Amino acid sequence: MIRAPVIWILVPGVIALILYIFRRWERVTLAIAILTTLVLAGMAWQFPIGEAIPIRLWPGIPSQRIEADLIVLGRSFVIDNATRPMLMLIYLAIGFWLGGAYAARAGRLFTPLGLGVAALLVAALAVRPTLYSALLVETVALVCVPILSPPGEPTMRGVIRFLAFQTIGMCFILLGDWWIPLVEASALDATRLLQSAALIGLGFALLEAVFPFHTWVPMLAEQAHPYSLTFVLFILPMVIGLVGLNYLDRFSQTSVAPIVYDGLRLGGTFLVVVGGLWAALQSHLGRIMGFAVITQIGISLTTLSLRADTTYDPLYLGLFFAWLLPQGLSMALWGFSLYIIKSKAGDLHFHNVQGVIRQLPLAATGLITSNLSLAGLPLLASFPLSVILWSALSQQSLSTALVLLSGSASLMIAGLRSMAVLTMTPGKDTPEAPGDQGWRISEERFQIALLATGCLALFVIGLMPQLFLPPLINMAFTYPNPGP
Amino acid sequence: MITDWRYGILILAIQYIGVFLLTLIQLPLTMAVVKLVAGWMAGAVLGMAMVSIPDLRQEMEGESGKRLVASRPFYLIAAMLVAMVVISLADFALAWFPDIQPEQALGGLFLIGMGLFKLGFTVQPLQATLGLLTALSGFEIIYATIETSALVVGLLAGITLGLALAGAYLLMAPHMEEA
């Protein structure tokens, strides 16, 4: 008998520790880490939990059963069949990011810490009661510090702020979580329930970089390694969102559900608009990416708010899951492209990257494509989901849908501005005037392969969404607590 | 107000004795000791990080000498304001948390207030970490009155140590070669 938390939490955690010890052999550790994530994702896909699994390696081996829970210090970690799609999602996402880590020179710490993050995030989803999730998410934030601020580089203010917001957010969630059962026991005291929702909401706002707690994102986007940053900015909000779903389900059974969903919609829409506007006004490619990430967090919140509809359709929750594919792909491509441009141009300020497309055509194309994809441009990966979101939202509130659309339009303007700068003839004051050297491909072969694959994937998903998005949308149907 | 790193860490160690005494009201001795040991270890981690980099020490000692005289009255007034806010909030804490004692409410809120205050006025990793640890220890005092499970105490101790390690790492990272 094997315990599921041992397979998906303990084993990757131990492997991460071993890989940390042997981190000097970067390629070997990376290969082992990628293999581990793929095997764990494959096991999550193939092996049902709580059922006998026949092992046909050679005759005589008895069938094995994977048990769902593991007790640690009196509290249980539960990974059941409903959690398996999320395990696949997490391990595939981590494996995907690790796949580009060597080409992006993300550093030797990225591999073991990335795998460690995966183990901790699964632990955060599996722990019961859910209040412990906040503590584990805080641990993930601590592990992310060396990823964001690698050895040998000056300490960034954004990292300290990130750490502060994550810690304070955890405290709010712990307090708010304590109030919920208290209120449930005292025959639904609406005021207290609202206070609890406010505390938890504030906690998640701090964790998810919701305005006005977003400041660390653009600060880090200006200084940190772009690829490592997009890893943290994708993985962390994704799992915080999944943890948040548990709380949303608890509140959706109560009288404050409309207020919670309205708050989500308002906050999400506001993030999309503000993030988009700020992105359009920036003159630094890194900061544009930072604000684009903020718009994506806003979109995720808005998709969750759709569940407030009285004619509940799991498709709306499926939208939250499905959005992870274009978001993850676009953010990885954006971070990777930015790393390549930054390594050549030195700085990502507009006056430094004028005409860079002549030297780095694929990196520049990757950056523009991923930006436009996140903005919801037709034919690109996010477009089919954007259409569903806009139409679903317009049925509930036309004005909100229009406001959301304006946020996406602003992000598109940011992409067009970036495109204009990257393709323009370099000015006289541009350092090294890269455009003067004529057109050539300066990216390395492996980088070219990854960039081309990324761009192509964004188009393929956009053109044939029916092949890629349904499995993600279907996750909503296996999700344990389907809405109000 | 104290910018000398040695005094900062010493005060952190003393502060954790206070945390130990205040959490002992609700927690069993073994669990309260975990908080004390974790806090002291956090201080030791930060102190070792400072001792291991002479350049950083000299840089910080220079900075603290320059800043202290000019900013002392401002910090004093701000700290008094924080104390006033804490006193006014203590009643709410007493009403909200059923088993909390007045000394726990005052102590916990004061540490949270001073931790956030310190955090708001610094970008230096050591001071920010001390601020975060202070705020977290204040939260731990209040939270110990409502949640006494071993896993929570263990995880919070882990986070205290993790914050100290992260702070030590941020102090040392600029002086390190690639790992």
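Numbered from 1 within each chain, the chains take letters A, B, ... in sequence-line order. A quick note: this is a predicted structure, and the numbers were derived from the prediction, not measured.
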Quick one, A:Glu138 with B:Leu163, criterion side-chain contact (heavy atoms from CB on, under 4.5 Å). Give me CA distance, side-chain angles, the key distance, then yes/no.
CA-CA 10 Å; A:Glu138 165 70 6; B:Leu163 275 176; 4.1 Å; yes
Sort out for me which of B:Leu132, B:Ile146, B:Ile142 touches chain A most, counting heavy-atom pairs under 4.5 Å.
B:Ile146
Look up atom NE2 in B:His175 and atom OG1 in A:Thr155, then write down how far apart they are to the nearest 0.5 Å.
7.5 Å
If I measure from the heavy atoms of chain A, does B:Leu116 come under 4.5 Å with its side chain, its backbone, both, or neither?
side chain
Return each pair, listed once, that meets ring-ring contact (aromatic ring centres under 6.0 Å, His included) where at least one residue sits in residues 28-54 of chain B; pairs must be two or more places apart or across chains.
none
Toward chain A: residues of residues 149-159 of chain B with heavy atoms under 4.5 Å
B:Ser149, B:Leu151, B:Val152, B:Leu155, B:Leu156, B:Ile159
Given B:Phe139 and A:Leu174, is the side-chain contact (heavy atoms from CB on, under 4.5 Å) satisfied, shown in steps?
CA-CA 10 Å; B:Phe139 170 77; A:Leu174 287 178; 3.7 Å; yes
Let's test your reading of the structure: which of B:Pro125, B:Gly115, B:Ala128 forms the most heavy-atom pairs below 4.5 Å with chain A?
B:Pro125
Derivation and outcome, ring-ring contact (aromatic ring centres under 6.0 Å, His included), residues B:Tyr143 and A:Trp178:
CA-CA 9 Å; B:Tyr143 199 61; A:Trp178 170 75; 8.1 Å; no
Side chain, backbone, both or neither of A:Met156 within contact of chain B (heavy atoms, under 4.5 Å):
neither
Check each atom of A:Thr167 against the heavy atoms of chain B and say whether the ones under 4.5 Å are side chain, backbone, both or neither.
side chain
Is there a side-chain contact between A:Leu142 and B:Tyr169, using heavy atoms and a 4.5 Å cut-off?
no
May I ask you to list the residues in residues 80-95 of chain B that approach chain A closer than 4.5 angstrom, counting heavy atoms only, ordered by number?
B:Ala95
Which portion of B:Leu136 sits near chain A, non-hydrogen atoms under 4.5 angstrom
side chain
Side-chain atoms of residues 15-26 of chain B: list all donor-acceptor pairs with protein atoms under 3.5 Å, sequence neighbours left out, distances to 0.1 Å.
| residue | atom | partner | partner atom | Å |
| --- | --- | --- | --- | --- |
| B:Gln15 | NE2 | B:Ser137 | OG | 3.1 |
| B:Thr23 | OG1 | B:Val19 | O | 2.8 |
| B:Thr23 | OG1 | B:Phe20 | O | 3.1 |
| B:Gln26 | OE1 | B:Gln104 | NE2 | 2.6 |
| B:Gln26 | NE2 | B:Asp99 | O | 2.8 |

